[in-house]
Protein chains: 2
Amino acid sequence: MSQTDTKTCILDAAEKLFAEDGFHNTSLRGITSLATVNLAAVNYHFGCKDALLQAVIDRRLLPLNQLRRQKLQAALDRAEATGRRPEVRQLLCAFIEPTLEFRNSSPGAKDFIALIGRAMNEPDETIRNCFLRQVLPIFQLLFSGLQRALPDLSENILMARLQFTMGTMGHVMCISAQPALQIPGFPNPVADDKLAKELITFVCAGLEAPC
Amino acid sequence: MSQTDTKTCILDAAEKLFAEDGFHNTSLRGITSLATVNLAAVNYHFGCKDALLQAVIDRRLLPLNQLRRQKLQAALDRAEATGRRPEVRQLLCAFIEPTLEFRNSSPGAKDFIALIGRAMNEPDETIRNCFLRQVLPIFQLLFSGLQRALPDLSENILMARLQFTMGTMGHVMCISAQPALQIPGFPNPVADDKLAKELITFVCAGLEAPC
DNA sequence: AAGTGATTAAAACACTCGTTTGAAATGCCT
DNA sequence: AGGCATTTCAAACGAGTGTTTTAATCACTT
């Protein structure tokens with residue numbers, strides 16, 4: 001088994017277990033056992049457990065954020081070129097659609113998205129920063145775009161509404177792995193492929209609501 | 001120190017540490033040290049760590065949910081009496097306002113609310129159920145009320161939007177303790193006492209959005 | 001004041017954790 | 001084939017975990 005395979009096996013197993021059980025409730029022995037590699041391989045290849053989490057996050061989030069950034073910038077450029085204000089819906093699409101499309105692309109991706117969705121509310125600052133380091137620049141781009149799209153909103157209220165949006169999105173990302181409220185007696189929410197559309201409709205209305 | 005004092009000290013310390021560090025990252029030794037009681041007191045008074053969490057949740061959530069239930073039922077009865085459909089905003093107020101008012105009532109309450117806000121997305125099913133057991137009946141009441149308030153919405157879409165609402169609310173509850181996105185360079189979101197109003201406006205618009 | 005049940009206390013138990021060590025194995029180039 | 005760097009492996013380390021045990025202390029009734 002080559003080095004790359006070992007590292008990939010560890011990343012795959014860690015991604016799955018971190019998502020299913022949480023970071024602190026996942027042991028390196030559980031990861032190496034699932035990956036069928038030696039326990040010491042984690043520290044050899046990644047240094048420590050924290051760095052493994054960062055690697056798990058980086059592997060998927062770097063390309064995902066690059067895509068989100070491209071789409072956001074394209075929407076902003078399009079508005080700039082036509083002299084119009086950017087549209088809220090387009091900005092939100094650029095931010096949300098890549099995430100949920102990636103989420104629906106494979107079961108492993110579902111695990112990862114759940115992990116990210118939970119990271120925002122993670123009590124451990126170290127873990128939260130693994131995620132925030134990557135997301136804050138995109139968030140800033142989205143915020144400034146929305147400021148131009150919704151010039152009548154005070155920046156405090158826009159900030160609050162954007163936080164509401166992030167909360168909604170984080171929860172949607174989480175319920176992929178553990179359908180918290182899909183309980184007998186309640187109807188199933190909409191299917192995965194319709195979820196992005198419904199989510200965008202929801203947060204669009206919230207962001208554009210009159211004060 | 002009487003029995004009640006010891007139990008209360010443990011509950012207070014556990015509430016604070018569970019909220020700040022998460023359940024799995026909090027040790028009984030940390031709790032008993034903060035509470036200045038003997039380590040064995042936790043197992044003596046509560047049985048085990050899981051049961052302590054349940055006790056922490058029950059102590060605050062039982063009265064809070066009773067209040068939410070009363071307000072929800074009152075709004076439904078009022079609509080019933082006048083022959084009108086219940087109003088979305090009133091139903092949401094009944095669900096949200098008691099939570100955020102309690103949150104702003106004391107620092108200890110802030111910890112608890114953050115704990116609850118995170119519980120919904122908790123990967124550990126045992127922990128999640130500590131919370132869901134209490135919340136599901138209220139959730140059901142809210143759902144059926146919203147079904148009557150928004151009869152044009154399919155129950156699948158309503159369910160999805162209600163999940164979005166719960167996600168938004170959970171996130172708002174979390175950011176009391178750890179202001180995830182309150183970063184230098186970003187404006188502060190609205191103050192605590194204005195937060196409930198803004199949140200209700202946001203989710204109201206989302207729930208009432210046209211399909 | 002003695003005795004009884006509830007509570008506190010210190011210590012240990014059995015276990016799991018992340019990390020380190022040093023030797024064995026593997027891959028690769030000359 | 002020899003030699004060297006990389007990777008794998010079993011084993012152990014020390015610290016920390018939830019829980020249990022047993023004795024001491026407290027509160028209260030008869």
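Letters A, B, ... mirror the listed sequences (proteins, then strands); counts begin at 1.
Relative to the six-membered ring of Phe46(A), Lys7(A) meets both conditions, a distance below 6.0 Å and an angle of at most 45° to the axis. Seen from the ring of Phe112(B), Lys16(B) does not count as a face-on cation partner, given the 6.0 Å and 45° thresholds. Geometrically, Arg161(B) does not engage Phe202(A) in a cation-pi contact, judged by NZ or CZ lying under 6.0 Å from the ring centre and within 45° of the ring axis.
For the residue pair Gln54(B) / Asp50(B), no side-chain donor-acceptor distance below 3.5 Å is found, with atom types taken as modelled.
The nearest whole Å value for the distance from the CG atom in Leu39(A) to the P atom in dT16(C) is 14 Å. Atom CZ in Phe46(B) sits about 18 Å away from atom C1' in dT20(D), given to the nearest Å. Rounded to whole angstrom, the span from the CG atom of Asn25(A) across to the P atom of dC17(C) amounts to 9 Å. In this structure, the CD1 atom of Ile31(B) is 15 Å from the C1' atom of dG16(D), given to the nearest Å. Summarising the geometry, the separation between NE2 on His24(B) and C1' on dT16(C) is reported as 13 Å, rounded to the nearest angstrom. Taking atom CG of residue Asn43(A) and atom P of nucleotide dT8(D), one finds them 13 Å apart after rounding to whole Å. The interatomic distance linking Tyr44(B) (OH) with dA10(C) (P) rounds to 17 Å, in whole Å.
Between Thr6(A) and dT8(D) there is a side-chain N or O to OP1 or OP2 distance below 4.0 Å. Put simply, His45(A) has no side-chain N or O that comes within less than 4.0 Å of OP1 or OP2 on dT6(D).
Distance from the side chain of Leu28(A) is smallest to dT19(C) among dA12(C), dT6(D), dT19(C). For Ser27(B), whose side chain is taken as the heavy atoms from C-beta onward, the closest listed nucleotide among dA10(C), dA10(D), dG18(D) is dG18(D). Ranking dA10(C), dT8(D), dG18(C) by closeness to the Asn38(B) side chain, first place goes to dA10(C). Of the candidate nucleotides dA9(C), dT19(D), dT20(C), dT20(C) has the atom lying nearest to any side-chain atom of Ala40(A).
At the heavy-atom level, Ala41(A) lies nowhere under 4.0 Å from the strands shown. Within 4.0 Å (heavy atoms only), Thr26(A) reaches sugar-phosphate atoms of the nucleic acid but no base atom.
In the interface, the side chain of Arg29(B) is paired with the base of dG18(D) through a donor and an acceptor atom under 3.5 Å apart.
Salt-bridge check for Glu97(B) with Arg68(B): failed, with every basic side-chain N at 4.0 Å or more from each acidic carboxylate O.
You'll find the side chain of Leu207(A) stays beyond 4.5 Å of the side chain of Leu153(A), heavy atoms only. Looking at heavy atoms from C-beta onward, Ile31(A) lies in side-chain contact with Leu28(A) at the 4.5 angstrom threshold.
Residues of residues 48-56 of chain B that place a heavy atom closer than 4.0 Å to DNA chain D, in numerical order, are Cys48(B), Lys49(B).
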